[in-house]
Number of protein chains: 2
Amino acid sequence: MSANSRLTIAAHVLTWMSMDQQGGRVATSDRIAESVQTNPVVIRRCLGELRAAGLVEARRGAGAGWRLTREPADVTLLDVYRAVEDGPLFAMHATPPNLGCPVGSGIRPALDGVYAGVEANLQKQLRATTIADLLDDINGRKMG
Amino acid sequence: MSANSRLTIAAHVLTWMSMDQQGGRVATSDRIAESVQTNPVVIRRCLGELRAAGLVEARRGAGAGWRLTREPADVTLLDVYRAVEDGPLFAMHATPPNLGCPVGSGIRPALDGVYAGVEANLQKQLRATTIADLLDDINGRKMG
DNA sequence: CCTTGTCGTAACCGATTTGGTTACAGTCGC
DNA sequence: GCGACTGTAACCAAATCGGTTACGACAAGG
């Protein structure tokens, strides 16, 4: 489906920050990029979207870095999804169908209902998992 | 999200064929393209995928065209989705994360669980709507 | 005040996907 | 054999994605 990895990267970043903040150090895009194994600019772009959504904040100047603005248990995957994804899951026709045809004029409202239900359900599911849950999952997996 | 319109187009095509077959005529890519308002080749590509999934069949030669192989009430949107979409909804990292980091090694299994649940739920929802339902929706909307 | 480390962006790149288009060979009923 | 339609290959412009380089903005610490 040509899906992107934005949600995955953003979740990775926030989870990493949650784990790191316990050590008291400052999270920089360079250190995060080490864990994600990508370019620091990619991380900064991601963090920029998360900041626009109010999930993180940045301190500039020397000794700068990033900080979570909420408790990991208060950040759901839906928050992250909304911060980094925009469009709908399924697109309608690229160019409008023939509205003179019953199917052409009726298929879009009909699918609208289905698609809306799908998206509502997706949001409900993403809301059920928090960054703290991911952290717990990782720690639990490490132990057992 | 850069979503594509494949599911929409395929649903449009099948719904159009369901409505058309009541008239007894043969469905051709040209006539379908009129309703979708796109190039007939786009329709043939779509129908080719639907044929590979066993949802339609083609007759070649003179007076050729396409036919549904199942009753519209027996074709769910999940069948259509599977016929025209391939990859997962959410992708993992484009390049693997640092497995030496606890988060890098644990985030993928953790997200795997979430993503699997999301996809299972998506399938459940798509299975709940059939081409016949779309047709009914369109006819009902036309009336009321 | 000036060095230093980091943020914040712009600009560009190659690869891939998407919808669209042209062209043409294959097929078969009439 | 004619004609109509399928089935594909080939190509295109636009958009997206992840990645990369480059550089200005900024502020803390010496």
Side-chain angles (χ1 to χ4, degrees), chain A residues 1-10 12-13 17 20 25-53 56-67 84-98, chain B residues 1-10 12-13 17 20 25-53 56-67 84-98:
Chain A
M1 193 180 198
S2 96
N4 60 40
S5 60
R6 282 218 253 270
L7 180 59
T8 296
I9 300 301
H12 184 150
V13 166
M17 288 175 70
D20 185 68
R25 286 184 298 180
V26 186
T28 67
S29 58
D30 270 56
R31 291 210 300 132
I32 302 176
E34 266 178 47
S35 173
V36 182
Q37 263 184 352
T38 183
N39 194 293
V41 175
V42 174
I43 302 298
R44 272 181 267 170
R45 274 205 286 246
C46 174
L47 282 165
E49 295 177 306
L50 295 176
R51 182 190 43 186
V56 301
E57 60 186 12
R59 202 176 40 172
R60 305 186 61 167
W66 302 83
R67 228 179 38 196
V84 299
E85 301 280 6
D86 39 349
L89 233 42
F90 300 117
M92 286 293 168
H93 309 68
T95 61
N98 183 349
Chain B
M1 190 178 204
S2 95
N4 60 41
S5 60
R6 281 220 253 271
L7 179 59
T8 296
I9 300 301
H12 185 151
V13 167
M17 288 175 70
D20 185 68
R25 287 184 298 180
V26 186
T28 68
S29 57
D30 270 55
R31 291 209 301 133
I32 302 176
E34 266 178 48
S35 173
V36 182
Q37 263 184 349
T38 183
N39 195 292
V41 174
V42 174
I43 301 298
R44 281 194 290 241
R45 275 205 286 247
C46 174
L47 282 165
E49 295 178 305
L50 295 176
R51 182 189 44 185
V56 302
E57 61 187 10
R59 202 176 39 171
R60 304 187 59 168
W66 301 84
R67 229 179 38 196
V84 299
E85 299 282 5
D86 38 349
L89 233 43
F90 300 116
M92 285 295 168
H93 309 66
T95 61
N98 183 350

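Each chain gets a letter, A, B and so on, in the order its sequence line appears, and its residues count up from 1.
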B:A64 to B:G61 - nearest heavy-atom pair and separation: CB-O, 3.0 Å
Taking for each residue the nucleotide of DNA chain C bearing the nearest heavy atom, is the 5' side occupied by A:A62 or by A:A58? A:A62
What integer distance in Å separates B:R44:CZ from C:dG19:P? 17 Å
Report yes if some heavy atom in the side chain of B:E49 is under 4.5 Å from a heavy atom in the side chain of B:R6; otherwise report no. yes
Considering just the side-chain nitrogens and oxygens of B:S5, establish if one lies under 4.0 Å of OP1 or OP2 belonging to C:dG19. yes
Please tell me which of the listed nucleotides, C:dT9, D:dG18, C:dG29, lies nearest to the side chain of B:A94? D:dG18
Side-chain N,O (A:T95) to OP1/OP2 (C:dG20) below 4.0 Å: yes
Ignoring backbone atoms, establish whether B:S29 has a side-chain N or O less than 4.0 Å from OP1 or OP2 of D:dT6. yes
What integer distance in Å separates A:L7:CG from D:dG18:P? 12 Å
Does the side chain of A:N4 reach to within under 4.5 Å of the side chain of A:E85, using non-hydrogen atoms? yes
Between C:dC7, D:dT20, C:dG20, which nucleotide gets closest to the side-chain atoms of A:N39? D:dT20
The side chain of A:V42 is closest to which nucleotide in this list: D:dG7, C:dG19, D:dT20? D:dT20
With respect to the side chain of A:A64, which nucleotide from C:dC28, C:dT6, C:dA23 is positioned closest? C:dT6
Only residue of B:T28, B:D30, B:V36 satisfying side-chain contact (heavy atoms from CB on, under 4.5 Å) with B:I32 is B:V36
Rounded to whole Å, CG of B:N4 lies from P of C:dG20 at a distance of 12 Å
Under 4.0 Å: is that the gap between some side-chain N or O of B:T38 and OP1 or OP2 of C:dG20? yes
In whole Å, what is the span from the CD1 atom of B:I32 to the C1' atom of C:dG19? 17 Å
With distance as the sole criterion, do the side chain of A:R60 and the base of D:dA25 form a donor-acceptor contact below 3.5 Å? yes
Using heavy atoms to find the nearest nucleotide of DNA chain D for B:L47 and A:R59 separately, return the residue whose nucleotide is more 5′. B:L47
I'd like to check B:M17 versus B:L47 (side-chain heavy atoms, cut-off strictly below 4.5 Å). Are they in contact? yes
Choosing from D:dT20, D:dA9, D:dC17, which nucleotide comes nearest the side chain of A:R6? D:dC17
Round to the nearest Å and state the distance from A:D30 atom CG to D:dG19 atom P. 15 Å
Rounded to the nearest 0.5 angstrom, the CD-OG distance for A:E34 and A:S29 is 11.0 Å
Please state how far atom CD in A:E34 lies from atom P in C:dT6, giving the value in whole angstrom units. 11 Å
Tell me the interatomic distance from B:D86, atom CG, to C:dT18, atom C1', rounded to whole angstroms. 13 Å
Indicate, with a heavy-atom threshold strictly under 4.0 Å, whether A:R45 touches base, sugar-phosphate, or nothing. base
Among D:dA27, D:dG7, D:dT8, the one nearest any side-chain atom of B:V41 is D:dT8
Indicate, with a heavy-atom threshold strictly under 4.0 Å, whether B:R51 touches base, sugar-phosphate, or nothing. sugar-phosphate
Would you mind reading off the distance between B:F90 atom CZ and D:dG18 atom P, rounded to a whole angstrom? 13 Å
